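So the structure is just underneath, and the comments pick up after that.
Letters A, B, ... are given to chains in the order of the sequence lines, protein chains preceding strands, and every chain is numbered from 1. Remember, it's a predicted structure, so these values are computed and weren't measured experimentally. We use all heavy atoms of the structure for the numbers below, so side chains are in, but hydrogens, waters and symmetry mates are not.
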Protein chains: 2
Amino acid sequence: MTDDPTGRSRRSPGGTGGAHRRPTGHEVAELAGVSQSTVSLVFSGKAAGRVSAEVEQRVRHAAQQLGYRPHASASTLRAGRTRTVGLLVPDITNPFLGHVLRGAQRAGRADGITVALIEPGPERNWQLTAVEALNAAAIDAMMLFGIEPPLSDAPGPTVLIEAVADGFTSVLLDVRQGTTAAVGHLLDLGHRRIAHLGTDLPPTTFKARASRWRRELDRAGITATESPEVLAGFSLQAARGAAHQLLSLTPRPTALFCDDDLLAAGALMAAHDLRIPVPDELSIMGFAGTLLSEAATPQLSTVVAPAEELGAVALQTLLRTMDGHATAPRPLPMTLVPRASTAPPQRPSPR
Amino acid sequence: MTDDPTGRSRRSPGGTGGAHRRPTGHEVAELAGVSQSTVSLVFSGKAAGRVSAEVEQRVRHAAQQLGYRPHASASTLRAGRTRTVGLLVPDITNPFLGHVLRGAQRAGRADGITVALIEPGPERNWQLTAVEALNAAAIDAMMLFGIEPPLSDAPGPTVLIEAVADGFTSVLLDVRQGTTAAVGHLLDLGHRRIAHLGTDLPPTTFKARASRWRRELDRAGITATESPEVLAGFSLQAARGAAHQLLSLTPRPTALFCDDDLLAAGALMAAHDLRIPVPDELSIMGFAGTLLSEAATPQLSTVVAPAEELGAVALQTLLRTMDGHATAPRPLPMTLVPRASTAPPQRPSPR
DNA sequence: CTGAAAGCGCTTACAG
DNA sequence: CTGAAAGCGCTTACAG
């Protein structure tokens, strides 16, 4: 009784903001002339068949009048779940991420699920961060983006996005199909000397591009000599350097298949350095369909990943995992978007 | 006693994950041979002068052994604050945002503050979203990025980032100084016909660029006729179109000062369309220093905003606002980064 | 169909 | 310096 936790009387400064005390379920109950339990039933969506339609109406109306919303923490504390899932990412500034997050958030909205974006600090690993978030009961479950956990047990329900590891459910892009589309586009244009500007990052998704690229060329009867490959670090400058190597080969490749738009942007820089006109003397294919592919000059032909859908499907898959029905969804198809960086090779490639 | 909220026994699936029950403060207390209150004191950082060093050690050790972390929701419920602040943004895919969020998160980490990224859905306005988050006690306070609220009262403590409105504390980039640096760079290179490719977005930050650009040219004795201006929508294609206009003027501007890297990327496309070599016959200045400026071909000279610092300062300012000491920090200086898209005009501009 | 009551795990005056 | 106790606002069997 002597007790007075006035956390929210501090709510006023900033805007001049009304320092209204939050109404509680009790107050709503009083106004509606029902018990607090009934109010809870209505707001937790468990009213069906337990509260009469008429009473539910009265409750909702009273709540509306008072501006009531259930207190998230009280609910979490009692029910043992936060209805928040974490999206752990190695790099929060990844241009792809915004769309994935948006897709996941929108998919969760209907079920009242919130997605929290979590980036482990530079000094911490994701495992530690995940365990802490789980232990603080800040999240119920998590999605790992582009992280391949070394061991098969995570501290809680987990889904991997664009990553694969033993014992985990993955939500993947169909990069094989995407690669086939990209390389097919170059073949259709008449290219034969199609080099691969890849990256040496560990995730499986990159290896899949490399092997599929090779397979498509094999099928077209193109030899390994005609189609060189260089693996670069995942950065503009690394890609630029690697592209320099590729472009100083004789005969020079007429097309570059790049593992990502970022690498393609680096290749564009290299072509510019060497005064090789794109697409007249060199075609460059990106991969992912980020803003970078649109903003590049010339605009990059690329294979677009359905980033929002990826996020949405990941969230739905995670929800099923939490229910114990873990089923991996089929890989999401990518879409070829030919733009200005690809064209037929200048003359039929000498054989 | 009949009561059994087993929220966390569901934690197992996904990874094979250990379904350890979370330890409570009580269990830590027992192991350490102290009361639960003492454990709480230690973990809420209020131990100084209230718990002996020796006891504190014992508590921490016991906690470590059990893997204890205070339950965030229990703490929130009791203390009346979440230690989470919202970062409300109109567009979660803005390439600038990642850095701002990172800065804010890192600045908050020391104080145990978490930053939640919130994007109102397409159909909802930010006010509604903010009120809901606040009412659900999901956040204590918020930062609005690039949103200028029409009215001076927000539903809770609020700080504006790169936006200005009556009655609110703002955290700003020094875009005037940035503009001076950008335009000064072009003047130093010898340009006189420096056009402005601006945007018609409402935030004050854009108007500041326009007026400062004009002022710098005035000071250099350059007339309005020599320095045309076009305002475009904030998109690549809009910028491309606007740049076309600017570049078909006679005499043609020798330099373009763009309000943002995105617009500069659009200008680069227009120059490419018209076969105007950059920087030989046209210099293009970006603004912001996003990935776009690095990935462009040629790389954009730009004025770099300290995005992480912006986020960090915003968070610190918000914390002070919540304490009632609202003081606007001084605008953060921007840094001129000359790259490959600017060079002296081809010949001394005729006058 | 509705209500009374216990209890989730903390924080916080207060008493000692 | 330490502990006992109340209570934050919900959810959830259980009884009626």
Distance (rounded to the nearest 0.5 Å) between A/Leu134 CG and B/Arg69 CZ: 11.5 Å
Side-chain N or O of B/Thr38 closer than 4.0 Å to phosphate OP1/OP2 of D/dG3: yes
Contact under 4.0 Å: A/Ser75 side-chain N or O vs D/dC10 OP1/OP2: no
Could you tell me how far apart [X] ([atom1]) and [N] ([atom2]) are, to the nearest whole angstrom?
X       : N      : atom1 : atom2 : answer
A/Arg22 : D/dC10 : CZ    : C1'   : 10 Å
B/Leu41 : D/dG3  : CG    : P     : 10 Å
A/Arg50 : D/dA15 : CZ    : P     : 15 Å
B/Glu27 : C/dG9  : CD    : P     : 8 Å
B/His26 : C/dT11 : NE2   : P     : 14 Å
B/Gln36 : D/dA5  : CD    : C1'   : 11 Å
B/Leu77 : D/dG9  : CG    : P     : 7 Å
B/Arg81 : C/dT11 : CZ    : P     : 8 Å

Distance-only polar pair, side chains of B/Thr38 and B/Ser35, donor-acceptor under 3.5 Å: yes
side-chain contact (heavy atoms from CB on, under 4.5 Å) partners of [X], counting only residues at least two apart:
X        : answer
B/Glu54  : B/Ser52, B/Arg58
B/Leu172 : B/Glu162, B/Val164, B/Ser170
A/Glu30  : none
A/Thr114 : A/Thr84

Return the nearest nucleotide to the side chain of [X]; candidates are [options].
X       : options               : result
B/His71 : D/dT11, C/dA4, C/dC10 : C/dC10
A/Ala79 : C/dT11, D/dT11, D/dA5 : D/dT11
A/Arg78 : D/dT12, D/dG3, D/dG7  : D/dT12

Touch class at under 4.0 angstrom, heavy-atom based, for B/Val34 against every strand present: sugar-phosphate
Sugar-phosphate, base or nothing in reach of B/Ser40, heavy atoms under 4.0 Å: base
Within residues 52-67 of chain A: residues closer than 4.0 Å to DNA chain C (heavy atoms): A/Ser52, A/Val55
Closest-nucleotide 5' rank along DNA chain D - winner of A/Lys46 and A/Thr24: A/Thr24
Please identify each residue that fulfils salt bridge (Lys or Arg N to Asp or Glu O under 4.0 Å) with [X], with sequence neighbours left out.
X        : value
A/Arg60  : A/Glu56
B/Asp111 : none
B/Arg320 : none

Runs of at least three Watson-Crick or G-U pairs with DNA chain C, cut-off 3.5 Å: C:1-3 with D:14-16, C:5-12 with D:5-12, C:14-16 with D:1-3
pair A/Leu160-A/Thr158: side-chain heavy atoms closer than 4.5 Å: yes
